[in-house]
Amino acid sequence: MKINLLILLTVLITSIKAEIIIVTNKNSDINSLSHEAVKYLYLSKVNKIDNVIIMPLLSEDDSLHKKFVKEILNKNIEQYSSYWARLVFTGRAAIPRKLSKKEIKQKLMEKNTITYMDKKDMNKNWKIIYEE
Amino acid sequence: MKNKSISFFKQFAKYYNSLSILKKFLIPSIAGFMFFLLLYIYILSNTNYMKESITKVNKESIPIYETLFDNEFLLQKISFELNNAVVVKELDLIKETNIYAKEMQKKLTLHKDTIYKKELDNIQKSFNEYYFEASNLSKDLIESTSSYDYIHFKTLLVVSTYKKVLKQYQNLREKIKNEIKKDVNSIYETSSWVLFNSSFAFILWIILSSLGLFYIYKDMSFKITQIVKESENIAHGKVNFHKRLSSDSIDELGLIVNSINTFISKLEESHKDLEYAKEEIKRFIADTVHQIRTPLTSILMNVEMIKDLQENDSLFSYIDSIDASINMLSNSYEDLSYITSYDTIKYNPTLISLSQEIEKRIDFFQTICKMNLKEIKAEIDINAYTYINTVELERLIDNNISNAIKYAQIEKPIYVNLKKSKNKNRIVLEFKSYANEIKNKNKIFEKNYREEEAKRGLGLGLNIVKNICDKYSISYKASYKNNQNIFTYTFDEIKKQEIN
């Protein structure tokens, strides 16, 4: 029982301490992004960095998404939702579709596509362009 | 075409000539009035067009433009309110946006009867679509129970309909802006064109009316000059009876021309009558002169015979009286004879001794002087020669002496002087007599002029003298000095050596 509890705590701590990174295809034209650039891309304020059109992807992993919104975009989920509602109602941008891990992997095969993920999910086909 | 033009101009000339002076001068004004009437209609039609354009801009384009702005503002308000509803998660706030949506629709409906109906319908349709989708999305976002994929597609729909509405607003705004621009440009171009055409028409009118007036003035001036010239000719007796004034017009000047032509015709008739009468009188005088010649010669010869056959002097005074009267009658006879024959008989000049001829004529007048208690004192240079016809010289001398006898004071001498000037090749002949001064020395040589109506005469003597002087360029003058009337005649002297 104690062992089980220890394992659970270890898993919880590990998951809490999950490190969020921004990755892209290793063949992409972008090599790194600043924090501000990541924010601007995900809040649909810009879609281009250094003349490279970048397509940000959202994860349907709710805890990862919330974590990303909180840590990277510095907003709570309500703020994030109302921000996107404003963009939608004023015709500036539609709320992006959230993708599954499989879909993200699929999409990351395209150049200049970025997404956020837990660092531990990193693989050799991608490169990190931002991490805290 | 050419014949038609010629025919038109002929018709116009005929019409022009049939007008009075006033109407002729009114032609440019009336033509100008018609011209400006057409111009006025042209300006009015253009002004109406400009008015329509301005009305369209003021009543349609600008209000619709304003409505579009208002509606865009309302659209923003709706999107803002829907966003608020989502943020605060209040479904009631969604319903409140209905007011704005209705206001938008109402504003759009107000302009449906304009040329932008189609565009406004499309906007309304797109807006309804947007509003419906956006309201639904708001509810979904508030309730947040639907799947995320479904919201994603709904947001895509809302964004695209919003963009569509905005685009339609922008397109219509651009269209209206272009229409206003086009209308304003059209007004500017039309007004510029009207201004240019009006200026051109005004200048054209000035030129054409000036030319018209100038032509009428020249026409009038020509006719008046013709009338004045012909009137002057009539006044100076130089009228040409074979010529008439030409006038195609029947205006006042044409009437004057016709009157003058009628007057000339009447004058011609009178002239013919007078010429005929003159010829008749001349013939009568010629016949009379011819009839007198034989008995007068007979009387003169018989008087001479009586004189010769008289054994005592008892009848001499009577015979002298008869002789003097016959001589005076003879003098008058010679005047009449000369007058009736000078234009038919050629009186050729010959070289004559003035000295001898004057002495001969003084001798002829001795008896007349004696009977009139007058005496001729002569101072005559000898050998004064000149070229003149004998008959004409006789008339010159006789008329001067007979006038002197007629008008000179009794028992006062009559001087006849013939002097040759030494250097100038001139011979001066003077007749001096004591008498009342001649009142009008210039008129004394005119035909039928008499100084004293009481003393009747033919009034021809000095006029015959004048005509003879003019024929031979003899200068003549009447003057008065030392109570004497002096008649001076200056002849060209012909020297003896010139004769040889």
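Each chain gets a letter, A, B and so on, in the order its sequence line appears, and its residues count up from 1.
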* To do: Name the region of B:Ser160, side chain, backbone, both or neither, that has any atom closer than 4.5 Å to a heavy atom of chain A.
  => neither

Do other residues, nucleotides or ligands put more than 12 heavy atoms under 6.0 Å from [X] [atom1]?
X        : atom1 : answer
A:Asp50  : CG    : no
A:Lys70  : NZ    : no
A:Glu103 : CD    : yes
B:Tyr42  : OH    : yes
B:Phe35  : CZ    : yes
A:Lys75  : NZ    : yes
A:Lys39  : NZ    : yes

* Asked: Which members of residues 77-92 of chain B, sorted by number, sit under 4.5 angstrom from chain A on a heavy-atom basis?
  -> B:Ser79, B:Leu82, B:Asn83, B:Val86, B:Val87

* Structure fact -> The reported gap from CZ in A:Arg92 to OH in B:Tyr162 (rounded to nearest 0.5 angstrom) is 8.0 Å

* A:Phe89 side chain near B:Leu137 side chain, heavy-atom distance below 4.5 Å -> yes

* To do: Could you list the residues that satisfy salt bridge (charged side-chain N to carboxylate O under 4.0 Å, His left out) with A:Lys66, not counting sequence neighbours?
  => A:Asp62

* Qualifying residue, where the test is side chain to side chain contact (heavy atoms under 4.5 Å, CB included) with A:Val88 and the options are B:Ile151, B:Thr155, B:Leu141 -> B:Thr155

* To do: Examine whether an atom of A:Thr90 lies under 4.5 Å from a heavy atom of chain B, and if so say whether it belongs to the side chain, the backbone or both; otherwise answer neither.
  => both

